[in-house]
Amino acid sequence: MSIQLKKGTLELCVLSLLSRTDMYGFELVGAISAQIQISEGTIYPLLKRIKDEGYVTTYLQESQEGPSRKYYSITDDGRSTLQTLEAEWHSMVTGINKILGGN
C-alpha cells in the first residue's frame with residue numbers, strides 16, 4: 001500500500017479503534033500494524049494533530065510494566081469526525097469498486 005494512501009486512512013483507523021476503547025500510542029501502533037504495515041513514527045504526529053483538533057483527549061495511567069502510559073480517548077467531536085470519515089470512505093470504496101469492476 002502506498003504511503004500516501006496509508007496516511008489518508010490512518011486518521012480513520014485511529015478514530016475507529018478509539019471509538020471502541022481507550023488505547024495508548026504503542027497499543028494503537030500494534031493494532032493497526034497487525035493489519036497494515038506502519039511505523040511508530042507515523043502515529044505519534046497524527047495523535048498530536050487530532051488531539052490539537054479536539055478529536056481526542058489524553059490521560060496518564062500507571063503501568064505495571066514501567067512508566068505511566070498516555071491513553072487516548074475519543075471526544076464527541078472525534079466521534080462526529082469518525083462518522084464523516086466513514087461515510088466518505090464507504091462512498092469512495094463503492095466508487096472505486098464500480099470502476100474496477102467496470103460497472
Side-chain angles (χ1 to χ4, degrees):
M1 182 182 289
S2 77
I3 291 172
Q4 292 296 13
L5 184 56
K6 276 189 219 178
K7 283 185 179 182
T9 58
L10 282 180
E11 183 174 343
L12 172 62
C13 293
V14 167
L15 291 175
S16 181
L17 288 168
L18 292 176
S19 73
R20 298 174 206 153
T21 187
D22 295 355
M23 300 175 87
Y24 58 95
F26 190 71
E27 190 175 23
L28 282 163
V29 170
I32 294 170
S33 63
Q35 304 303 318
I36 55 176
Q37 185 180 355
I38 61 162
S39 68
E40 252 181 82
T42 59
I43 291 295
Y44 289 101
L46 170 66
L47 289 170
K48 180 185 179 338
R49 182 177 60 76
I50 64 175
K51 182 177 186 272
D52 291 346
E53 290 174 351
Y55 300 158
V56 299
T57 59
T58 60
Y59 60 92
L60 290 176
Q61 186 169 323
E62 289 187 28
S63 169
Q64 294 178 348
E65 290 88 35
S68 296
R69 293 179 173 155
K70 183 190 288 187
Y71 276 80
Y72 294 84
S73 179
I74 194 167
T75 63
D76 288 341
D77 284 346
R79 288 185 193 283
S80 177
T81 298
L82 174 58
Q83 288 178 336
T84 300
L85 291 173
E86 283 179 341
E88 290 172 354
W89 174 262
H90 290 297
S91 176
M92 183 180 72
V93 167
T94 298
I96 290 171
N97 283 337
K98 286 181 182 178
I99 293 168
L100 295 177
N103 296 329

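Residue numbers start at 1 and run along the sequence shown.
- A donor-acceptor pair under 3.5 Å is absent between the side-chain atoms of Thr21 and the main chain of Leu17, judged by distance alone.
- You'll find the side chain of Tyr72 stays beyond 4.5 Å of the side chain of Ile50, heavy atoms only.
- Across all non-hydrogen atoms, the minimal contact from Gly25 to Tyr44 is C-OH, 3.3 Å.
- Atom CD1 in Ile43 sits 15.5 Å away from atom NZ in Lys48 (nearest 0.5 Å).
- To the nearest 0.5 angstrom, Glu86 atom CD is 11.0 Å from Thr81 atom OG1.
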Worked check of salt bridge (charged side-chain N to carboxylate O under 4.0 Å, His left out) between Glu27 and Arg69: CA-CA 10 Å; Glu27 190 175 23; Arg69 293 179 173 155; over 6 Å; no
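- When atom types are taken as modelled, the side chain of Gln35 and the backbone of Ile32 share no donor-acceptor pair closer than 3.5 angstrom.
- No more than 12 heavy atoms of other residues, nucleotides or ligands shown are found within 6.0 angstrom of CG on Asp76.
- Residues satisfying the side chain to side chain contact (heavy atoms under 4.5 Å, CB included) criterion with Lys51, sequence neighbours excluded, are Val56, Thr58.
- Surrounding CD of Gln61 are more than 12 heavy atoms belonging to other residues, nucleotides or ligands, all under 6.0 Å away.
- For the residue pair Thr75 / Arg79, no side-chain donor-acceptor distance below 3.5 Å is found, with atom types taken as modelled.
- In this structure, the side chain of Ser91 does not engage the main chain of Ala87 through any donor-acceptor pair within 3.5 Å.
- Here the closest non-hydrogen pair linking Leu18 and Met23 is CD2-N, 3.7 Å.
- Ser16 contributes no side-chain N or O that, together with a main-chain N or O of Cys13, makes up a donor-acceptor pair within less than 3.5 Å.
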Intermediate values then yes/no, side-chain contact (heavy atoms from CB on, under 4.5 Å), Ile74 and Thr57: CA-CA 6 Å; Ile74 194 167; Thr57 59; over 6 Å; no
Residue pair Glu53, Asp77: steps toward the side-chain contact (heavy atoms from CB on, under 4.5 Å) verdict: CA-CA 9 Å; Glu53 290 174 351; Asp77 284 346; over 6 Å; no
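- The main-chain N or O of Ile38 is never found under 3.5 Å from a side-chain atom of Thr42 such that the two would form a donor-acceptor pair.
- Taking a 6.0 Å sphere around CD of Gln64, one finds it holds 12 or fewer heavy atoms contributed by other residues, nucleotides or ligands.
- Heavy atoms from other residues, nucleotides or ligands lying under 6.0 Å from CZ of Phe26 number 12 at most.
- Contact annotation: the side chain of Leu60 never approaches that of Tyr71 to less than 4.5 Å [non-hydrogen atoms, C-beta and beyond].
- For Leu12 against Leu82, the heavy-atom pair with the smallest separation is CD1-CD1, 3.7 Å.
- Distance check, rounded to the nearest 0.5 Å: CE of Met92 to OG1 of Thr9 gives 8.0 Å.
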Test side-chain contact (heavy atoms from CB on, under 4.5 Å) applied to Tyr55 and Leu15, step by step: CA-CA 8 Å; Tyr55 300 158; Leu15 291 175; 4.2 Å; yes
